[in-house]
Amino acid sequence: MKETKHISRSRAQESSAAIEKMYITMRHLFNRGFYKPMGVSGDSLRESLLALRPEIYGNIAEEKVELNGLLYVIERLPIGIEQCRFINLTSDEGYSKSHFQPIVPPKRRRNCYRIDEEQMNVEITRGRSDIYDILTHLTFIFIESHKIKNRVLLDDGGEVSRDWLKLEQAILQTKKLSQIEKEKAISHAANILARTFEEVLDIYDAFGSENAPDRFLHVIYWLGKLAIEEMMENNKRTITFSPVLRERLGHHIHGEIWATNIKEVLKANNLLKRPIHIISANMHSVMNSIFATPLLKTKFKNKSDFFIYEELSKSAAKEIRSLVEELALKNGMIFLPDTSGTNIDVQIFDTAKIDWNKTAFTYANVGEEKPVIIVMDYAFGEQAYETIDELLKPYKKDTLLNVKSVSIMGKAGILEGGKGDIMIPSAHINEGTADNYFFENELTGAMFEGNDIAVYEGAMVTVLGTSLQNRDLLKFFHESTWGVIGLEMEGSYYQKAIQSASKIRKSVPQDIKVRYAYYASDNPLETGSTLASGGLGTTGVKPTYLITIKILEQILNLNNQLGVNLISTEKDKL
């Protein structure tokens, strides 16, 4: 008799199944209209997140509270959300015209409104990825809040620990805590969190701000307080989705308004029929690459271009940044701040109005047709499809756009290498479905050699969210025949929109060129190098500008004649 083979799933397969389950669950809850994260309706999300154990959430499955993951999430949620039992996800429903003051999280561009002591409204205008992002973050902090509750409650009668009473005493103080009071409170908080005094002290200030230096204590207290009330009084926290949001989502409402605004400005400036190059990047690298170095060479004598870009990136450099912007606005740049709700600002560069002899690209060859460069700020996840799909459509159904190229420069996680390294993709693979988009990338790894930056070429995976990735699944993508070099959130959505517009709808030229290049913001396979470990600092400046310059060289037909001085010298560092 043939022995039955026992088939077991690998951790990568379990992780893939957990992501798929979360994705389906979130869509189900959205269609339902509401759910209670720590109730029966939230069971599936919690179980999937605990089974997945994403790298960014560190010790989520352990008894001790995860501090780096908590900081990462808190920076992407509105201030005060930890105090709210009711979180309402809405579309843009007119709150900007009310007395409510918008609250914008430090690390995520979304408008939020504190309706009353118990309710926070969060505007979702960037598509489904925004919902996946916020729901996973909320699930994580609610799991952490119940860890706090478990360590604070001593019995079923509601008696709490001495540490909790002392923390509450510190929170209720109206005056600023003295150093001694702060350290006492940290000692009690450390016991509650199952962390050392030193671990809490190291991260304490990162939670704070000038107006709320002791915010860490308030976050821990309110998370624990609401979890205790859920247990003792059955006051469950509730997440709702407004009817208008459920009605609008997926219909490109904001993307259509955004794209129409751009085309109207192009028409008003007689730019609609000129060759167009679209670049998805930040709002400074293209402008600075063209105008900054000739303008600031006298101020920074004998310094490399890279040194100047580093200076411009510093938070205290508002004055010199405004000088560059002022020059750009006088020389063919039009700035379009977003009014559509996409949170994607736009710059339009009319190359006919730029005196190239006074730029870093003195040998620019823009020809007789004088192209137009449209720079759009970063999209978020699925929003990339919505925005590019709408932008590549004809103006008023009959005026086709002569889009010559679309270039994508962004941050991504790397699976081999470290922060600041460059990735040049040859294909994008959708996580979960394995839908894949192969393309001829106009950028190659060889173009970036000789700049003291490691360059990797290969396929990249487009993920549902950075907060859903774990080591086992990423190792599978990297070490299997997929040969994935990195992960990001928008690539396949951009390519899907470009392919449909050029190959099927024929609304843009079929020979449209594409350029994709990413610099590494983190390595999720490396302990201590995940997104939760902190930002890039100035490490990201050099690859950002190197990629931007290579894109501009191709658009301006330079064929590497530029020779921009990006290598910093020892003298620069002194």
We want to know whether Y95 and N121 form a side-chain donor-acceptor pair, criterion being a heavy-atom distance below 3.5 angstrom.
yes
Q495 vs V514, side chain to side chain contact (heavy atoms under 4.5 Å, CB included): CA-CA, chis, key distance, verdict
CA-CA 9 Å; Q495 191 58 27; V514 294; 4.0 Å; yes
Among E390, E386, Q383, K393, the one residue meeting side chain to side chain donor-acceptor pair (under 3.5 Å) with H252
E390
How about R114 and Q83: does a side-chain donor come under 3.5 Å of a side-chain acceptor?
yes
Heavy-atom neighbours of K370 NZ exceed 12 at 6.0 Å:
yes
For the backbone of S129 and the side chain of D133, can you confirm whether one donor and one acceptor N or O come within less than 3.5 Å of each other?
no
Please check if any side-chain donor atom of S209 sits under 3.5 Å from a side-chain acceptor atom of R215, or the reverse.
no
Measuring only between side-chain heavy atoms, which start at C-beta, is I134 closer than 4.5 Å to I87?
no
I551 and E442: CA distance, side-chain angles, deciding distance, side chain to side chain contact (heavy atoms under 4.5 Å, CB included) verdict
CA-CA 9 Å; I551 290 169; E442 295 296 309; over 6 Å; no
With a 6.0 Å cut-off on the ring centroids, do H428 and Y493 count as close?
no
Would you tell me whether Y309 and H284 have side-chain atoms, one donor and one acceptor, within less than 3.5 Å of each other?
no
Evaluate the side-chain proximity of M120 to Y113: yes if any heavy-atom separation is below 4.5 Å, no if none is.
no
Pairs flagged by salt bridge (Lys or Arg N to Asp or Glu O under 4.0 Å) wherever residues 316-327 is involved - sequence neighbours left out
E326-K330
Test side chain to side chain contact (heavy atoms under 4.5 Å, CB included) applied to V346 and N261, step by step
CA-CA 10 Å; V346 169; N261 288 344; over 6 Å; no
Gap between atom NZ of K182 and atom CD1 of I186 - 0.5 Å precision:
5.0 Å
On a heavy-atom basis, the closest approach of I453 and K542 is CD1-CG, 3.7 Å
Does Y385 offer a backbone N or O that forms a donor-acceptor pair with the side chain of D389 under 3.5 Å?
no
If you compare all heavy atoms of K411 against all heavy atoms of Y518, which two are closest, and at what distance to 0.1 Å?
O-CD2, 4.0 Å
Could you grab the distance from atom CZ of F300 to atom OG1 of T293, nearest 0.5 Å is fine?
12.0 Å
In this structure, CG of N343 is separated from CD of E123 (nearest 0.5 Å) by 9.0 Å
Minimum heavy-atom distance between K419 and S521, given as atom pair plus value:
CE-O, 3.4 Å
Using a distance-only test with no angle check, is there a side-chain donor-acceptor pair under 3.5 angstrom linking Y494 and S280?
yes
Between Q347 and M283 (side chain of the first, backbone of the second, donor and acceptor by atom type, cut-off under 3.5 Å), is there such a pair?
yes
Keeping to residues at least two apart or across chains, list the salt bridge (Lys or Arg N to Asp or Glu O under 4.0 Å) pairs with something in residues 262-271.
none
Without swapping roles, check the side chain of D421 against the backbone of I414 for a donor-acceptor pair under 3.5 Å.
no
Got I424 and T444 here, is their nearest side-chain heavy-atom distance under 4.5 Å?
no
Side chain proximity check, M287 to V375, heavy atoms < 4.5 angstrom
no
Please indicate whether E256 has more than 12 foreign heavy atoms, meaning atoms of other residues, nucleotides or ligands, lying under 6.0 Å from its CD.
no
Side-chain heavy atoms of L217 within contact of L177, under 4.5 Å
yes
How far does CD1 of I74 sit from NZ of K107, to the nearest 0.5 angstrom?
13.0 Å
What do you reckon, are the aromatic ring centroids of Y516 and F439 less than 6.0 Å apart?
yes
For P371 and T351 the tightest heavy-atom approach is O-OG1, 2.6 Å
d(E457 CD, M423 CE) to nearest 0.5 Å is 12.5 Å
Non-hydrogen side-chain atoms of F291 and V324 separated by less than 4.5 Å
yes
Do any N or O atoms from the side chain of H254 and from the backbone of T342 form a donor-acceptor pair under 3.5 angstrom?
no
For G418, does its backbone N or O pair with a side-chain atom of N523 as donor and acceptor, under 3.5 Å?
no
Here's one to test your reading of the geometry: is the NZ or CZ of R76 within 45 degrees of the ring axis of Y72 and under 6.0 Å from its centre?
yes
Taking CD in E75 as the centre, count heavy atoms belonging to other residues, nucleotides or ligands within less than 6.0 Å. Is the count above 12?
yes
Between the side chains of D214 and Y204, does any donor sit under 3.5 Å from an acceptor?
yes
F216 vs F207 aromatic rings, parallel, tilted or perpendicular, using cut-offs 30° and 60°?
perpendicular
Keeping E488 on the side-chain end and G491 on the backbone end, is there a donor-acceptor pair under 3.5 Å?
yes
Does a donor on one side chain and an acceptor on the other come within less than 3.5 Å for N282 and S285?
yes
Return yes if some donor-acceptor pair links the side-chain N/O of D355 with the main-chain N/O of N357 below 3.5 Å, else return no.
yes
Would the distance check show the side chain of T548 and the main-chain N or O of V286 forming a donor-acceptor pair, the cut-off being under 3.5 Å?
no
Please name the pair of heavy atoms, one in A412 and one in L487, separated by the smallest distance, quoted to 0.1 Å.
CB-O, 3.3 Å
Side-chain contact test, heavy atoms from C-beta onward, threshold under 4.5 Å: evaluate it for T359 versus I354 and give yes or no.
yes
With distance as the sole criterion, is a donor-acceptor pair present between the side chains of H137 and Y132 under 3.5 Å?
no
Taking atom types as modelled, find out whether S340 and D338 have a side-chain donor-acceptor pair closer than 3.5 angstrom.
yes
Test log, rule side chain to side chain contact (heavy atoms under 4.5 Å, CB included), inputs I373 and I279:
CA-CA 7 Å; I373 300 171; I279 303 175; 3.8 Å; yes
V463 vs Q469 side-chain heavy atoms within contact, under 4.5 Å:
yes
Roughly how far, to the nearest 0.5 Å, is the CD1 atom of I549 from the CZ atom of F448?
10.0 Å
Looking at every non-hydrogen atom in both residues, tell me the closest pair between T387 and A379 and how far apart they are.
OG1-CB, 4.3 Å
Quick one: does R110's side chain have a donor or acceptor within less than 3.5 Å of a partner on P105's backbone?
no
